[in-house]
Every structure is written in C-alpha cells, then in structure tokens.
Amino acid sequence: MYPLLQKFSRLALASLLAVLSISTVSAKEITLLNVSYDPTRELYGEYNKAFAKYWKAKTGDTVNVEQSHGGSGKQARAVIDGLPADVVTLALAYDIDAIAVHELLPKDWQQKLPDQSTPYTSTIVLLVRKGNPKGIKDWDDLVKPGVAVITPNPKTSGGARWNYLAAWAFANKKFGGNEEKNKEFIKALFKNVPVLDTGARGATTTFVQHGLGDVFISWENEAFLAQKEFPGKFEIVTPSLSILAEPPVAVVEKNASKKGVTDVAHEYLKYLYSAEGQDIAGKNFYRPRDQKVAAKYTNFKKLDLVTINDPLFGGWQKAQKKHFADKGLFDQLYVPSNN
Amino acid sequence: MGAFTNSRALASARHITGPLPTSARTEPAWIRTTLIVITFAFLGVFILWPLLTVFHEGFSKGFGFYIETFKDPITIKSIELTLLTAAIAVPLNTVFGLAAAWALTRFKFKGRQLLIALIDLPLWVSPVIGGLIYILLFGRQGTLGPWLIDHDIQIVFALPGIVLATTFVTFPFVARSLIPLMEAQGHAEEEAALTLGANGWQVFFRITLPKVKWGLLYGIILCNARAMGEFGAVSVVSGHIRGKTNTMPLHIEILYNEYQFAAAFAVASLLSLLALITLFLKTYSESRTAQQLREAQELTTLSH
C-alpha cells in the first residue's frame, strides 16, 4: 500500500509539473516598456493594442506594452540613469545616440531597421488661433515685435530642437547663408518666447489650454491633434520651408536581453513598418514612410523640407554640438524675456 | 509648523491672561469688519474658488463619467500606488519622528541644534533635489548603480525610489510636531515612573506616548497629506510608466496633458477630498494638541 501511494503521488506530481510547464510554454505573458517622447501618447496607445492583437494571433503570447512619455532628452537621460526601457521611440537620433554612448545599445543602431530606423516622419508647422489675428504666414512673422511665440526648451525637448533648426534653415535661406544674420534671427525669435516648457505636450497645453501666445511652433502631428481636440479654434500655417523631422526607434539591447524579450522587442518595432502600423501612424497625423499608405492621407501639405543631414547641419552630432551643447549657440542667443 | 507655534502661543496667552476683555480691542469696528472681509475674500478667491472648480470640472461630464474614471485600471493603479507609498513612508517617518523627538528633548548633547536643523532640511531644499539625490545614488550611472544592476535590484524608476523620495520630503513633519510639545511637557512624570520601578518601555508606552498622542497624530496627518500629494520629488524618480510608477498627482498631470480634462479633475477631486478629510482631522487633533500643551503648562505653573 505504502509504496503504491508513494508511486502514485510521484506520478501526480510529475503530471502536475508537466501541465504547468506546458501552460507556461503555450501562453507566455510578456511585458515591454516603451520609453517615448511627448506627443506619441495617442499613437502608441493605438499601436500597442494593434500589436498585441497581431502578436497574440501569431504566437499565442500576450504582450503588454507599458508606456512612459516625456521630453525626448529627459527620457533618454532617464534610460541612461536606469529606467528599464526595452525599446525607445524618441524625437531625434541624437537622443538615442546618447544612450548608445552608455553602451545600452549598439552604436550602429540606426542601421538595424529601414529608413534609418525612422518608421514615420513629421515636420514643423505653425499653429495660430482662429482667424490668424496676427497675420502669421511664415517664419519672418515670428520675430516681429508683439508676437508671442510658444515653443518648448531645446535643451530638454526633441521637438524644440527641430523647431529651432527649421527656423535656422529658413533664416539661412533668407539671408543667403549669412551666419551672423541667422543668429540675429534666432535671437529675435526667442526674445518673443514668454515661457519654455520642458516637453512638446506641455508647450501644447500652454498654448491650447492656457491660452498663452499668438503662435505655437509645433510638430505637425501635435498641431493636427490640437485641431481635432478643439475643432474650429486653431489654424495650421504651413511655412515656406521647414525641416523633415525623423523620430527614430530602437531596441535597448542590454535591457531587452536581460529581460529575455529581445525577439518581441524587435518584432514590435518591425511591425511599425507594416501596412497596419503605417496606417496607425497616418491616422495619428504622422507621415507614413510607405507611399501607398501615405497616399490615403491627403491632409499633409507638400512643402520644402531640409533634412538634418543637409550640409547646413551635417547630422545630429554636429548640430547638437554647435547649437544645443552647453554654452552652444542656443545658450548664447537665448535671453529670457521679461514679459 | 507655523500653525503649531501659533496655537502654542495662543494656548499660553489664554492661560496667562484669559480672553481679552472687550475694552482692550482698541480698533474701531469698521477696521475689524474690513480686515475680516478681506481675509474671507482672499480665502474665497485663492482657495475656495479653485477648490470648487476642481469638483465642478470633475463632474462636468456627469456623475456617470465621474464614476467611470475610477474604473480605469491605470487610474486605479495610480491610487493604489499613492496609498501604498503613503502606507510605507508614513509609518517609517512616524517611528523616526518619535525616536528623534525623544532623543532631542530628553538628552542634552553636543550637536543637538545641528540635528534639529538637519531634520528641517527637506523643508528648505527643493523637492526636485530630493528626487535627484536618489538618481545620483541609485541610478545606473550613480554611486551604487553598477552593484544594483549586477544584483538585479531596481530602486529608482520603481516603487522603492518613489517611497524613498516621499520619505525624504515628509521626513520633518512628525518630529517637528512632537519636539515643541515634548519640550514643553518636560519629563517629571517619566522620572517619577522610573523611581517607582517602571522600565524604559513601560515609561514610553504608559507615560510618554499618551502624553503626546494628539501631537503625534497631528504630525502623522500632515506627513500623510504631503506623502499623498507630493509631485516634484516623485516626478524625478518615477520614470512615468503608466499603470506602474505614476502616483495620483503624476497621473492627474498626464490625464490633463492628454486632453482628458474631466477625468483629470475627477482624480484631482478625489485627491482634494483626501486633503479635506486630512484638514478636518488635522483641525481636530490640533485642538487636542493645544489642550495637551495647556495641561502641560498648567502643571508647570503649579509646580513652581
């Protein structure tokens, strides 16, 4: 009797273990942390659901993507300081380069995915109040006295760096490459900025909800979103020249491999390039890379766009050093206004 | 703190002179009325009105929507995190506050003044610094960072960091409420108990604790209010992972920034409600503390 009982219980234990191990193999629960910049809240809110559905159908696993949002530079800093991001989806390549410097991901991260790891693009436009009371048509109008301009702080916000560089590119064209005139233009522009928020969304709130400022230099997607949330209250002014804003994505290899989610993390970013991923980007006012999908979205105006790799800037490393580094041009040109 | 000193001054003033006789109020009636009206108007405009706006906005989409807000798992998580953080930080600071107040009022030693000043430190430095110091200590690039990573311990951008930052900013409240009270009470009763053969713990639980219980409660309430409402220090160490490391104040900001005004104000109204309950408890315990102080002073006067 006794040995039989022992044998039986051993069998029961073994089968229990077998059942447990099968169930863990057949339905894994995976958590990813996506550390992103400010205006992508709605985009990833929608995309995460779509990816979870796709991944469940493909593998049977449940993937739950957690989100963290903030100014791009601030977010990069948090990842460097130990925020355990599996993927980063930031406003510009420089911020991911900064993470690469600390060896959390490979230096050639931008070659891992198509289009320099940028699945969608945007540009910088000008958002004004209904009826455009100050008659804003182009960048020149922002340096006029009495025009209050809202833009976040280029030190902490990725969008603000694109804003600044777009204004610089415009000035450079207008003054035929006269650097001193460019500086004067930027100085005059920032003289009209009453407050510098740390992130793009904070600046949007300042302009849209707090009613501060006459014109808001904004991500195109933020401008469209503000229009959607407050129908009939704002108008988008497309300037004659702007910059092609490329917000890139990357897997934070060191964190993802430690957690054992490297494969899912890569698939998560790859799926952004799929027809569904591109469509979600378009729906959330980002310009899809896929031309077929992009053709569906006719609200994006064609305009002259310079890129960060234009000789005028020479890539993010150079641009960052010249304009935004400590004691760089921005520090020299920005004098907080008194109003 | 200010309120505390006031009530203490008030208590002693009443004890010495009693209520002022009417003839001592030299100001003419119109000055009194004007000052009272100004005070009420100021409170109304700067405190009551914004507070009512919070509730008004919270209910702007109807009662159903208000309730719906609190069914959102991310909102629930932020409330849980806030309560959990307070549930850890407040007892920690209570024990510390009691120990510190005990040590500082019972013993005279070198560096006592310095210690009192140090307890106040979190009140004087910006909460942002309260957060950053923990990033510098426990962050990946920080002093202890590499060791923590090797041992798979996550402090900043997780619950431990949030608790640490909260504990830091709420550090002074209990000790600060107890020190003046214990100083005024003196330790004659404790000494009597000791001579009658009580041991240290007996003295503490039967004499000291009952003597200061209202002051202690007052400190705990203040500490709790700040712990639940803290924004700056927690914001620095949170990492803002939604549904995970966002406390109520951080979650309110997020909702607001995502154009969900009614939901933001609904959560804000809950936080305000907690503050109002706190205020009520505080007022009650404050009056009881004042009474304890009065009794202590009467005792001192009698013995002289």
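Reminder, nothing fancy here: chain letters follow the sequence lines and each chain counts from 1.
Within a 6.0 Å sphere centred on CZ of A:Phe230, other residues, nucleotides and ligands contribute more than 12 heavy atoms. Within 6.0 Å of atom NZ in A:Lys155, more than 12 heavy atoms from other residues, nucleotides or ligands are found, so the atom counts as buried in its surroundings. The environment of NZ in A:Lys107 is crowded: more than 12 heavy-atom neighbours from other residues, nucleotides or ligands sit within 6.0 Å. Around the CZ atom of B:Phe280, the shell of radius 6.0 Å holds no more than 12 heavy atoms that belong to other residues, nucleotides or ligands. More than 12 heavy atoms of other residues, nucleotides or ligands shown are found within 6.0 angstrom of NZ on A:Lys259.
In this structure, the portions of A:Ala226 lying under 4.5 Å from any heavy atom of chain B include both its backbone and its side chain. Only the side chain of A:Glu229 comes within less than 4.5 Å of a heavy atom of chain B; its backbone N, CA, C and O stay farther away. Heavy atoms of B:Leu148 lying under 4.5 Å from chain A are absent altogether. At a 4.5 Å heavy-atom cutoff, the contact between B:Phe261 and chain A is made by side-chain atoms alone. No part of A:Asn64 comes within reach of chain B, as not one of its non-hydrogen atoms sits under 4.5 angstrom from that chain. With a 4.5 angstrom heavy-atom cutoff, B:Glu253 does not touch chain A via any of its atoms.
In this structure, OG1 on B:Thr245 lies 8.5 Å from CD on A:Glu66, to the nearest 0.5 angstrom. Here the straight-line distance linking atom NE2 of A:His102 with atom CD of B:Gln141 works out to 4.0 Å at 0.5 Å rounding.
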Any chance you could lay out the side chain to side chain contact (heavy atoms under 4.5 Å, CB included) test for B:Tyr259 and A:Thr205, step after step, and finish with the verdict? CA-CA 9 Å; B:Tyr259 302 110; A:Thr205 310; over 6 Å; no
Before giving the answer on side chain to side chain contact (heavy atoms under 4.5 Å, CB included), spell out for A:His69 and B:Asn257 the whole-Å C-alpha distance, their side-chain angles and the decisive distance to 0.1 Å. CA-CA 11 Å; A:His69 295 276; B:Asn257 279 343; over 6 Å; no
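In terms of heavy atoms, A:Lys258 sits closest to B:Ile149 at NZ-O, 3.0 Å. Nearest heavy atom pair, residue B:Phe157 against residue A:Pro84, reads CB-CD, 4.5 Å. Among all heavy-atom pairs drawn from B:Gly239 and A:Ser68, the shortest one is O-OG, 2.6 Å. Contact between B:Glu258 and A:Arg201 at its shortest, heavy atoms only, is CA-NH1, 3.8 Å.
Within the 4.5 Å cutoff, the side chain of A:Arg41 has heavy atoms near those of the B:Arg242 side chain. You'll find the side chain of B:Ile241 reaches within 4.5 Å of the side chain of A:Leu83, heavy atoms only.
The residue from B:Val156, B:Ile135, B:Leu132 that alone fulfils the side chain to side chain contact (heavy atoms under 4.5 Å, CB included) condition with A:Asp81 is B:Ile135.
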